[in-house]
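Contents: one structure, followed by commentary.
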Amino acid sequence: MKLSTLYLLCGDPDQFRRAKAIKNVLIGRRTVSNLYWGLEYDLLSYFGVLRNFSLGDEQATIDALVRAKMVIVDEGLLYKLTPEGQDKKQELSNSLGATKELTTVVKYDIVRFSRRFIFAAQVISEYSYANSQYYPQTIGFFDDQLIKRWFIQNKERQLPQYFHDLLENFLTSLNSDLLANIFVQSLSGHKFSGETEEQIATETGLDPTIVQLQWLKLYAKLFLQLHDDRLTPLKLLLSDLERPVMSKSAQQTFDLFISQNKFNPAKIAQVRGIKLTTVLEHLLEAAIIQPRGQFPFDRLLTSSLKTKLRDNQSKVDGEWQFQDAKAHIPELQFFQFRLFQILERKLGQND
Amino acid sequence: MIDLNKELHKHSAFKSFRPGQEEVLLNLFAGQNTLAVLPTGGGKTLLYQLYGAITHQRVLIVSPLISLMQDQVGRLQYLGSKRVVAITSAMDFKERTAILRNLSHYQYIYVSPEMLVNQSVFPFVAQQNIGLFVIDEAHCITEWGPDFRPDYLRLGAVRKQLGNPLTLMMTATATQPTRTDILQRMGFSVGEARQVVMPTNRRNIFLSAKVCANQKEKNDQLESLVSHLDGSGIIYFSSKSQAEQIAAMLTQKTHKRVMAYHGGMDNQQRFRIQQQFMNDDIDIVCATSAFGMGIDKENVRFVIHYHLPNNIQSYVQEIGRCGRDQQPSLAILLYEPNDQYLQLGLIENTIPEEQLLSYLYQHPNELEKNDAFRVIKYYYDTGKSFEEAVSIFDQAKKHRIQELEAIIAYIYTTGCRRKLLLQHFDEVVNNENSEFCCDFHSDFWGHWREFNDHYLKGVKQVKRQRSTDWHQILNNLFLLKN
């Protein structure tokens, strides 16, 4: 995927945003810092949405965007959209449409689902022509086996008719021939090899990355539809695709924190045999990811500390430094500072 | 006595054997280890596929490239063998473990030499009863080639450890010294292995080369050729980015459907482009040399080299991808004087400098850390002194430069290109049809459009009409009974 397109889509005309953090959010590099910036830039619901893709080099991409007069930069690879950049973002957003389906990609491995579906469609297409001499796709050992197993279990179920009707109905429901055409070109089968994103981009005038994002959205939509269909013969293709929202270890820490015992961080560190700093990182992760009402901020931030922090808060969006705050509140710890920022951000979002 | 022709019809769609195939199979059925030099398109895959199908024995194939292995697995599956697997470094630990535990379920096992000698892999392979041990692209064994892979040198020992199974070594091009080297390194003494060597010459491929003044002239020439030549074509590049740029340029400036193809693409893109090319949905592929090794497209009409090939052997292999249907085809090598520096740069990059060698000999722990040091590690592990290693790499570099000079000499030759090319393989041109040979015998560059009209246009190519309506595409994808 082209990182330049993604930077335009995730950029802002008023706020300098961190190019590295945005890329890390999209590929789902799970650190508290990346999660925090995801929250700050309203991108948290897309955390890890593009983990299956290679996105290119951030410095080279920003340099190219500067040359194209789409962004201006500040030190440390912070960038802001120019009016031209904002126009381009608008154009890209219009061609992408709503991004709600992309949040499904965060919760489920939709790329893996699409590979399984495309391979299954190829097998069924050739099967419908009774052709056993063709080049099958390879989608990894386990999924190759899964498709084989699925086919053997289901081949009596009139699968060509099922696939045809499923896709006919699904694509009709999109109410867009453009999207339906983009979708069918992701398939391959009997005497049909589909098209690459570049080929579709050339034909439609869309940006190739928008084509790839459309594929993700469409497969997410199809996945949800099948997920809700208890009778679909494609059940096996939907298995083992869930992605945990929080890391397993952070979840364990959080579970202890909100358990009836109300363990404090030091106690959790002792019980779990891990460092206190790790516990604090886990709690920050939980504070970012959990809805505001489900994280007991008050147990970690006293009212007086919150008041002091509020009084000293920077007016500049997103770039309030810990050192500045600590200069005014000497006893302040970084953990408290970050937790307060998370709380304020969540209050602002009013979730 | 096995009726090989009957077996061929039973297990494949081929009507008859290609030259050399039957002889190789007869050798194998007589229990003879065999070195087979069959030209590109000569049907090497069929040899071990058929042997496996007839004997029901397990076949272990050592193959150099992941992409090639994937193509070959697909190809064997295409040909009807379902119990095929490739063990590659692209697999994650879980995947590899699952395959190794279930290895006995597979009849055809592809593996890279590095994987095969890996201590976590070899014991599983050694437990299997191997009926035929195949070394594909056996020229990689020779130390002086650009494709040299040190782990190929361990295959002689591996064979012993596997209990000396019947062995088939295969390559498309090998000079006499290369053949001797392969046999020696596999541990065969003279007379212990049979050789089946088919002529390298492909009479149906017309040879031509052109020296351009600069890159612009070369691009213009390429554009003109691509616009007017009929049929499918492959254009070879030594850089991925150039392959992409030129593909974009040709798409823009010609009416042809052109796509880039290289190792940097993901599996699905590769699959799609290969399929489109096979189905004649695209006309031209701008590729790096990995393209086409496992692809059997019969009707490629021309191969153009935009950059210099590594050496004469590689060139012969690469042009061999056109004209597999035995119809007239065309090989063109485009050259501008700066190209040699690009190639020299590639040689410099692949052969370590003395300074690096010295550092690594002093810090041998570093050898583990980078796969690029594998060749150096091989010499270090086999007890070569620093001075010996320097001398070996020096020799290798000289050899590579000589090979480059040979290719440049081929371009500038004022004689018959075929004669020069075949000299490298100790072959003599007999009664060659001088009308259809090379641009020495005829004024090809003055009349290449007529050449196209006369030889390439006549070969029918079925162009399918691509539907762009999704309803239509769905209806065609799934054939419904009612």
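These numbers come from the heavy atoms of this one structure, side chains and all, not from hydrogens, waters or symmetry mates. Naming: A, B, ... by sequence-line order, numbering from 1 per chain. The shown structure was predicted, so the numbers you read here are calculated from the model rather than taken from an experiment.
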B:Q276 side chain to A:E195 side chain, donor-acceptor N/O pair below 3.5 angstrom: no
Flag for B:T88-B:Y110: side-chain donor and acceptor within less than 3.5 Å: no
Short N-O contact, B:D281 and B:R257, less than 4.0 angstrom: no
Which atoms of A:T172 approach chain B - backbone, side chain, both or neither, heavy atom under 4.5 Å: both
Under 4.5 Å from any heavy atom of chain B - which part of A:Q158: neither
Leading residue by heavy atom contact count with chain B [cutoff under 4.5 Å; candidates A:S54, A:A121, A:P160]: A:P160
Residues A:E58 and A:Y7: side-chain donor-acceptor under 3.5 angstrom: no
Part of B:N475 lying under 4.5 Å from any heavy atom of chain A: both
Pick from A:D144, A:L171, A:T138 with the largest number of heavy-atom pairs that fall under 4.5 Å of chain B: A:L171
Rounded distance [0.5 Å steps], CD in A:E242 versus CG in A:D109: 11.5 Å
NZ/A:K221: more than 12 non-hydrogen atoms of other groups inside 6.0 Å: no
Toward chain A, the part of B:L474 with a non-hydrogen atom under 4.5 Å: both
Option in A:E198, A:E168, A:Q145 with maximal non-hydrogen atom pairs under 4.5 Å from chain B: A:E168
Leading residue by heavy atom contact count with chain A [cutoff under 4.5 Å; candidates B:K94, B:Q275, B:H471, B:R272]: B:R272
Mutual orientation of the aromatic rings belonging to A:F151 and A:Y127 [parallel < 30°, tilted 30-60°, perpendicular > 60°]: perpendicular
Contact class of A:L187 relative to chain B, heavy atoms under 4.5 angstrom: both
Part of A:D177 lying under 4.5 Å from any heavy atom of chain B: both
